Amino acid sequence: MIVAIPWRMTSQKKSGISVKSVKRVAKIGAKTAAKGATSALAVVASQLRPAPRAVKHARATLKSLPARTRRFVKRNPVRVLLGASAIGFVLAKLKRLV
């Protein structure tokens, strides 16, 4: 069940792509694909505007991943060793089955 909370709702868009623009581009893409020029997916993909904020956020998250991993390993060495041994155990069991 989805409940709308009025004080949490914002009028700002989360991304630069709206449902209306996707439908419009899909409609244009379907017309172009019907003509035989290219596939509808290629047309839609070429006409959608990239979301630079999402790309920038993803890139920053990936750049900080090694430092976060090192920090986690230093703070939780026992958990990391137990997790690695559990993964090894599961892989060994899978190898026997296959």
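Just the heavy atoms: all of them, side chains too, but no hydrogens, waters or symmetry mates, feed the values below. Keep in mind that this is a model prediction, so the values were computed, not measured.
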Would you please test H57 and T61 for side chain to side chain contact (heavy atoms under 4.5 Å, CB included) and show each step?
CA-CA 6 Å; H57 181 68; T61 302; 3.9 Å; yes
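- Annotation: side chain to side chain contact (heavy atoms under 4.5 Å, CB included) contacts of R71 (sequence neighbours excluded): R68, R75.
- Cluster note: V78 groups with L82 through ILVMFWY side-chain heavy atoms spaced under 4.5 Å, whether in direct contact or through intervening members.
- Through direct or indirect side-chain contacts shorter than 4.5 Å among Ile, Leu, Val, Met, Phe, Trp and Tyr, V73 is connected to F72, V80.
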